[in-house]
Amino acid sequence: SVTILGAVLLFAALPILAKTTPKKAADETALIENSGSTNTAGYTVTVSSRGSASYVEAGAKPRVQALLKEDTVRLFKALAAAMPLTALPVRHGMRSASFGTETYITYKGQKSPDLTTPSGPQALALYNDIKAIEVAMHASNHARRPLAPTAAH
């Protein structure tokens, strides 16, 4: 019958179709974490390799938006080049006790050291790419909300 012949031909063509059909790259994510400080709130930015990001500041609702393709591609290339992130060189710098923050990125189960004072070309590239994403997301350390006054008894 015609339907059986069609099914046989389709079955025979499957290996050829599988080789020529482009596969979508898996969606990967990277998590940027800013610690905040004594006086400022921290935040996280989750970046998808497909070009979107989610920004969450402490105590606020997440905000999702699209990123420029070049910023996303550059970040994930820098991440791949810097692996393993745990082996990035660390440099400790001076920072304010009240306003100093720390910035980390986690990718494929690897968490970087603090990238606030990057050391070496790979850490510097990551830091610059993180800053570009943070600017695109309008991510910044806002002042912490003061605690409500308590009534004296």
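The analysis underlying the following values was restricted to heavy atoms, covering all of them including side chains, and did not include hydrogens, waters or symmetry mates.
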- Would a 4.5 Å heavy-atom cut-off, applied to side chains only, mark E33 and K111 as touching? yes
- side chain to side chain contact (heavy atoms under 4.5 Å, CB included) partner of I105, the single match among L88, D129, L85, I133: L85
- Between V56 and A60, which heavy-atom pair has the shortest distance, and what is it? CG1-O, 3.9 Å
- Heavy atoms from other residues, nucleotides or ligands near NZ of K77 exceed 12 (cutoff 6.0 Å): no
- Message: When you group the ILVMFWY residues by side-chain heavy-atom contacts below 4.5 Å and let the links chain together, are V73 and V45 in the same group?
- Response: no
- Message: Tell me the closest heavy-atom pair linking P89 and P113, and the distance in Å.
- Response: O-CG, 4.4 Å
- Going by atom types alone, do Q110 and T86 pair a side-chain donor with an acceptor below 3.5 Å? yes
- Passes salt bridge (charged side-chain N to carboxylate O under 4.0 Å, His left out), R50 versus E28? Steps please. CA-CA 8 Å; R50 295 212 175 138; E28 297 180 326; over 6 Å; no
- Here the pair of heavy atoms bringing P62 nearest to S54 is CB-OG, 3.8 Å
- Message: Would you compute the distance between atom OH of Y107 and atom OG of S49 and round it to the nearest 0.5 angstrom?
- Response: 7.5 Å
- Message: When you compare the side chains of D114 and T116, does any donor N or O come within less than 3.5 Å of an acceptor on the partner?
- Response: yes
- Task: Tell me whether Y104 is reachable from L31 by hopping between hydrophobic residues (I, L, V, M, F, W, Y) whose side-chain heavy atoms are closer than 4.5 Å.
- Result: no
- Side chain of Q65, backbone of Y55: donor and acceptor closer than 3.5 Å? no
- Query: Hey, what do you get for NZ (K69) to CG (D71), rounding to the nearest 0.5 Å?
  - Reply: 12.5 Å
- Query: Would E134 and Y43 count as having a side-chain donor-acceptor pair, cut-off 3.5 Å?
  - Reply: yes
- Message: Any non-hydrogen side-chain atom of V47 less than 4.5 Å from a side-chain atom of F76?
- Response: yes
- Message: Testing the basics here: between L79 and A30, what is the closest heavy-atom pair and its distance to 0.1 Å?
- Response: CD1-CB, 3.7 Å
- Query: So do T106 and T29 actually touch side chain to side chain, heavy atoms under 4.5 Å?
  - Reply: no
- Query: Does a side-chain heavy-atom distance below 4.5 Å link L126 with L75?
  - Reply: yes
- Query: Is there side-chain contact between I130 and L115, with at least one heavy-atom pair below 4.5 Å?
  - Reply: yes
- Note on the structure: Residues Q122 and A81: closest non-hydrogen pair is NE2-O, 2.7 Å
